[in-house]
> 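The structure is given below, and queries will be raised subsequently.
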Protein chains: 2
Amino acid sequence: MVERAGGESLLFLTDEQLRKGIEAMFFAYRGFTADPDRILSGIDYGRAHHRAIHFVHRSPGTTVSNLMTILGVTKQSLNRVLRTLIDDGLIRSEKGLVDGRERHLFLTPKGQELERQLSDAQRARMRAAYRAAGPAAVAGFRQVLEAMMDPEMRNAYNRLKEGGA
Amino acid sequence: MVERAGGESLLFLTDEQLRKGIEAMFFAYRGFTADPDRILSGIDYGRAHHRAIHFVHRSPGTTVSNLMTILGVTKQSLNRVLRTLIDDGLIRSEKGLVDGRERHLFLTPKGQELERQLSDAQRARMRAAYRAAGPAAVAGFRQVLEAMMDPEMRNAYNRLKEGGA
DNA sequence: GAATTTACGTCAGCCTTGTTGACATTCCAA
DNA sequence: TTGGAATGTCAACAAGGCTGACGTAAATTC
């Protein structure tokens with residue numbers, strides 16, 4: 001009755017199972033962004049600002065072009081967001097010492113404060129989900145997500161992982 | 001060395017682990033939407049059209065207000081998308097028989113054709129990820145995602161699950 | 001040393017997709 | 001009959017993507 005290959009059930013690969021996974025991703029991503037979005041809607045920023053702040057926090061001193069790659073947006077789009085964050089004193093931009101064409105990005109204390117607020121909210125939901133599901137589920141969660149990424153993004157993700165380990 | 005509670009390791013709840021999960025969600029969601037987006041960019045539609053088509057396919061005869069709730073958008077926003085899909089002959093809207101105020105939505109053959117194209121692409125990636133990660137990982141994946149949803153969305157998700165089981 | 005390429009900033013315009021507010025219609029229900 | 005619910009639609013606006021073009025400074029290459 002159950003399809004098998006090498007003794008392993010393949011029931012989890014039915015279209016029905018895949019569809020459930022697709023819908024789970026859709027609804028879960030909504031939850032994933034809900035809490036930071038709520039905070040940001042109060043102040044003048046949006047999800048794009050959150051992403052920039054997150055990755056500058058994550059990789060202090062990163063360059064503009066590196067951030068463009070990570071976020072997958074054009075420089076014009078990124079610049080609009082970065083411009084407001086710099087003007088508002090949340091991000092500091094420093095001309096590169098070894099290569100003067102590059103701009104290195106850092107969070108100011110004010111920027112760090114907002115980052116903490118946002119990531120606290122997002123981590124709280126993540127923590128609750130992790131706790132509810134348990135460590136084994138979390139390992140599987142990460143495995144599937146990683147397998148779902150485009151290869152280039154998987155590389156970017158793994159470089160970030162190492163850096164923060 | 002390892003924190004323990006009830007004999008179970010809590011290492012998976014460190015801020016570092018949570019941050020990795022957050023970044024995994026971000027990069028994976030990009031991959032998740034990449035293939036349908038590529039198809040849609042060719043024709044005249046966007047991600048919003050995909051979502052509408054998906055859930056109309058999923059729940060044939062669903063009403064407009066139900067779709068609004070599922071998608072989490074306003075009726076004006078939904079109507080704009082629905083309008084083009086109806087005008088282009090991908091979705092059919094039928095006045096309710098028992099309650100004449102309601103409009104029930106269905107995919108036309110043309111709509112079903114596009115739905116199949118889009119979901120084939122999305123399922124292909126999902127299938128590859130599932131296969132790479134294995135059945136145990138998939139179970140964990142689904143558990144964590146479900147725990148991450150807002151309660152209302154979890155209900156919506158579970159109603160869909162039952163219907164399709 | 002001159003020419004080219006790279007990294008970045010910026011202006012302008014366009015598109016999608018979300019929002020709010022207002023108003024009309026139709027129909028169910030008390 | 002009257003209020004509320006479900007829907008459609010018009011208008012205006014905002015966020016955040018995009019492309020294209022142009023400018024500047026700095027590095028690299030010839």
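Every chain is numbered from 1, with letters handed out A, B, ... down the list of sequences.
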> Under 4.0 Å from OP1 or OP2 of C/dT19: is there any side-chain N or O of B/T74 that close?
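For B/T74, the contact criterion (side-chain N or O under 4.0 Å from OP1 or OP2 of C/dT19) is met.
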
> For D/dT7, does either OP1 or OP2 sit under 4.0 Å from a side-chain N or O belonging to B/K95?
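Answer is no, no contact under 4.0 Å.
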
> By nearest heavy atom, map A/K75 and B/T63 onto DNA chain D; which one lands nearer the 5' end?
B/T63

> Between A/H49 and D/dA15, is there a contact of a side-chain N or O with OP1 or OP2 at under 4.0 Å?
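No, A/H49 has no side-chain N/O under 4.0 Å of OP1/OP2 on D/dA15.
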
> Check whether any side-chain heavy atom of A/M68 sits under 4.5 Å from a side-chain heavy atom of A/T74, and report yes or no.
no

> C/dG18 base to A/R47 side chain: any donor-acceptor pair below 3.5 Å?
no

> With a 4.0 Å limit, can you tell me whether A/S65 has a side-chain N or O closer than that to the phosphate oxygens OP1/OP2 of C/dC8?
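A/S65 to C/dC8 OP1/OP2: side-chain N or O found under 4.0 Å.
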
> Under 3.5 Å, is there an N or O donor on one side and an acceptor on the other linking the side chain of A/Q76 and the base of C/dG13?
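Per atom types, no contact qualifies.
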
> Taking Watson-Crick and G-U wobble pairs with both distances under 3.5 Å, convert DNA chain D into its dot-bracket string, 5' to 3', dots for unpaired and | for cross-strand pairs.
||||||||||||||||||||||||||||||

> Is it true that atom CG of A/D44 has more than 12 heavy atoms of other residues, nucleotides or ligands lying nearer than 6.0 Å?
no

> Are a donor atom and an acceptor atom from the side chains of A/E115 and A/H50 found within less than 3.5 Å of each other?
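No - no donor-acceptor pair under 3.5 Å links their side chains.
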
> Using only side-chain N and O atoms of B/R83, determine if any of them is under 4.0 Å from OP1 or OP2 of D/dG8.
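No, B/R83 has no side-chain N/O under 4.0 Å of OP1/OP2 on D/dG8.
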
> If each of A/R51 and A/V98 is mapped to the nucleotide of DNA chain D with the nearest heavy atom, which maps nearer the 5' terminus, i.e. the 5' end?
A/R51

> So, B/T84 and B/D88: side-chain donor and acceptor under 3.5 Å apart, yes or no?
no

> Please determine whether a side-chain nitrogen of the Lys or Arg among A/R30 and B/D150 lies less than 4.0 Å from a carboxylate oxygen of the Asp or Glu.
no

> May I ask you to verify whether the side chain of B/R101 and the base of C/dT26 hold a donor-acceptor pair under 3.5 Å?
no

> Give a yes or no on whether the ring-centroid distance for B/F26 and A/F55 is below 6.0 angstrom.
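Yes: the rings meet the under 6.0 Å criterion.
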
